[in-house]
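Letters A, B, ... are given to chains in the order of the sequence lines, protein chains preceding strands, and every chain is numbered from 1.
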Amino acid sequence: MSIKPARTRIAPSPTGHMHLGTARVALYDYLLAKKTGGQFILRIEDTDLKRTVPGAEQEIMDGLRWLGLQYDEGPDVGGKYGPYRQTERREIYQAHAKILVEKGHAYPCFCTPDRLEKMRQDQMKRKENPHYDGTCRKLSPDEAARRVANGEPYTIRFKMPYEGVTVAHDHLRGDITTENKQLNDYVLLKTDGLPTYHLAAIVDDHEMEITHVMRGSEWLGTFPLHVNIVRAFGWDEPVWIHLSVFLKPSGKGKMSKREAAQAMKDGYSIFIKDMQELGFTPEGVLNWSALMGWGVSEDDVMTVSQMVDRFTIDSLTPSPAAINFQKLDHFNATHIRLFTTEDLAARLKPYFTREGLNVNDEVLLKMIPLIRERLVTLDDCISFGAFFFRENVAPNLEDLIAKGLDAKQTVEIARRVYQILAAQPDISHERCEPPLRAYVEESGLNVNQVFGFLRVATTGQKVSPPLFESMEIIGRETCLRRIQNAIAMLEKA
RNA sequence: GCCCCCAUCGUCUAGUGGCCCAGGACGAGGCCCUCUCAAGGCCUAAACCGGGAUUCGAAUUCCCGUGGGGGCACCA
């Protein structure tokens, strides 16, 4: 691990919802920057005007902030390497494209999309690899300049060597050798004057002094191109790290729209914006995604600061990883148990409020220790603890009836239980459990028959936090009233 | 079709020639604890894709298959 401060960047394009994969790369970028005392940068790659969707940029910024991956430089925070939105940097790319043309590494191309498309069709028909045929590469500089001056629309293409090989070095995969004839004269600058990714990313990474480029392995195909562009400029290369992609849970192929929809049905998502709503925590999501593609030998529950301590780019893994949502549950639940009561209270409150419940802060603080280890997602607090904040509960009659008994027999139990509890000066755990246990003993009933009734009567549900601790929080008056209601229900049955 | 990448339990991974009859985590199963549900504790099953080669010795190196993934745009 280099001790020199690293400058890393996450460079998403605002073309849709922020994906889990983006979050993971951002996390690694963040970890490396923090570990080395460097900077983590957000750059928006919005050069495809047709695909840019309104709000997507904001979603990315919100997503990063929600995750706690605050960038040191970016469109909305500034920085001395700005602007951080590529559409605001078009002159920079045009100037650089010009440099490449002047150095003989690029050339203007006047071929129309129609001609290109026809050319491609012909090549396919002849079973050749689709590639630019080099028509405009043969143009003399003078003629090219004349046609440009004439106002003819043109693109700038990179002049890829026809012969030889390009050796590009990836930190995780070693040297990757590609025959140059496999490569293409890619377009660097489009007719609209905006750059393609290939030019924009390379220029920006250099201009912004990015030291480590982490990106998805879908860029491996054009990796040799990028390396050639850097070399054509005569610049130093960053450390390149191509991360593997995420596969769908079955491991067969990457996540598609269909899988994303299925995940949503199961209460999961691959989009960051959904995570909070589904009750996931930044800690859980981060810890989970960190471990897909990063090999940590043991004790893999980590906070972000622990991740910073342990992170090295050498421990990243190159193989594709299947998404495993069960593991998300595990990490989420584990982190929830690590939160302080106060912290958890603040995080839970919005979910209760969302449910239309009026939260009493004192009660909230008291009930949290009871439900904490039962929560997998934050919104589970509703099913486990909504009854704490309701005036009345509405149990099902069949749940109320003790197992193996009928309504009539249960009424007997209920009355007895009421009597016992009403006789207590308070409804504390210490006070209530012993006499109730004694009653179970002498009546010959089993614990679940008695406690089960009480649980359903007081909480309204069959599954709840520990009974006596819960009753203590619910309070004497409310408990007794709820038991009375239950008795009334049973009597009517 | 062509090119590139990847390959250890079902899944995520540790392992950089002997420490490995392969370790951890999730998940699964069992037991304990127990007022429900959890949590927790203990235990079990579960993997080096196949074939060659190098070596005294290979999960670890090299070849060839096979499988999987990605790419072949004036998209990123």
Go through the steps to decide whether Tyr84(A) and Asp204(A) satisfy the test side chain to side chain donor-acceptor pair (under 3.5 Å), and finish with yes or no. CA-CA 9 Å; Tyr84(A) 294 91; Asp204(A) 286 346; over 6 Å; no

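One finds no side-chain N or O of Thr47(A) lying less than 4.0 angstrom from the OP1 or OP2 phosphate oxygen of C75(B). An OP1 or OP2 oxygen of G40(B) is reached within less than 4.0 angstrom by a side-chain nitrogen or oxygen of Arg337(A). Checking the phosphate oxygens (OP1, OP2) of C74(B), no side-chain nitrogen or oxygen of Thr196(A) falls inside 4.0 Å. The phosphate of A76(B) has OP1 or OP2 within less than 4.0 Å of a side-chain N or O from Lys190(A). In this model, the phosphate group of A76(B) is not approached by any side-chain N or O of Arg51(A) to a distance below 4.0 Å at OP1 or OP2. At C74(B), one or more side-chain N or O atoms of Arg120(A) fall inside 4.0 Å of OP1 or OP2 (strictly under the cut-off). Here Arg372(A) does not reach the OP1 or OP2 of A39(B): none of its side-chain N or O atoms lies under 4.0 Å away.
Across all strands shown, the partner of U44(B) is A28(B), judged by Watson-Crick or G-U wobble contacts whose two distances both fall under 3.5 Å. Within the shown strands, nothing qualifies as a pairing partner of A39(B) under the Watson-Crick or G-U definition with both distances less than 3.5 Å. If you check G1(B) for Watson-Crick or wobble pairing at under 3.5 angstrom, you find it paired to C72(B). Across all strands shown, G67(B) forms a Watson-Crick or G-U wobble pair with C6(B), both key distances being under 3.5 Å. If you check U61(B) for Watson-Crick or wobble pairing at under 3.5 angstrom, you find it paired to A53(B). Of all nucleotides present, none satisfies the Watson-Crick or G-U wobble test against A22(B) with each distance under 3.5 Å. Pairing for U16(B) is absent, with no Watson-Crick or G-U wobble pair whose two atom distances lie under 3.5 Å.
If you check every strand for non-hydrogen atoms under 4.0 Å, Glu469(A) touches a base. Residue contacts shown for Leu454(A) are absent, as no nucleic acid heavy atom lies under 4.0 Å away. Here Pro14(A) lies out of heavy-atom contact (under 4.0 Å) with every strand. No engagement by Cys109(A) is indicated, since no non-hydrogen atom pair under 4.0 Å with the nucleic acid exists. Within the nucleic acid shown, Pro249(A) has no heavy atom closer than 4.0 Å to any nucleic acid atom.
In this structure, Leu247(A) and Arg24(A) both approach RNA chain B, and ranking their closest nucleotides by distance from the 5' end singles out Arg24(A). Taking for each of Thr191(A) and Arg374(A) the nucleotide of RNA chain B with the nearest heavy atom, the 5'-most of the two is the partner of Arg374(A).
Note on ring orientation: taking the six-membered ring where Trp is involved, the planes of His242(A) and Trp240(A) are parallel (angle under 30°, cut-offs 30° and 60°). Using cut-offs of 30° and 60° for the angle between ring planes, the Trp294(A) and Tyr28(A) rings count as perpendicular.
Rounded to whole Å, the distance from CD1 on Ile371(A) to C1' on U36(B) is 16 Å. Distance His226(A) NE2 to C75(B) C1': 12 Å, rounded to the nearest Å. In this entry the distance linking NZ of Lys327(A) with P of U11(B) reads 12 Å, nearest Å. Atom P of nucleotide U36(B) and atom CZ of Phe387(A) are separated by 16 Å, given to the nearest angstrom. Protein atom CE of Met307(A) is 16 Å distant from nucleotide atom C1' of U13(B), rounded to whole Å. In this structure, CG of Asp300(A) is placed 12 Å from P of G24(B), rounded to the nearest angstrom. One interatomic measurement links the two molecules: NE2 of His330(A) to P of U11(B), which rounds to 19 Å at whole-angstrom precision.
At least one donor-acceptor pair under 3.5 Å links the side chain of Lys248(A) to the backbone N or O of Lys252(A).
The gap from the P atom of C4(B) to that of G10(B) amounts to 31 Å, rounded to the nearest Å. Separating the C1' atom of A25(B) from that of A47(B) is a span of 15 Å, rounded to the nearest Å.
Checking Phe246(A), Phe325(A), Tyr268(A) one by one against Trp288(A), the ring-ring contact (aromatic ring centres under 6.0 Å, His included) holds for a single residue, Phe325(A).
The Tyr197(A) side chain lies nearest to A76(B) when the options are A76(B), U11(B), A25(B).
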For nucleotides 61-67 of chain B, give me every protein contact, N/O to N/O, under 3.5 Å, one pair per line with atom names.
none

In B/S/- notation, 5' to 3', how is nucleotides 1-6 of chain B contacted by protein heavy atoms closer than 4.0 Å? BSSSSS

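A cation-pi arrangement is present between Arg157(A) and Tyr132(A) under the rule of less than 6.0 angstrom and at most 45 degrees off the ring axis.
Between Leu378(A) and Ile336(A) the shortest side-chain heavy-atom distance falls below 4.5 Å.
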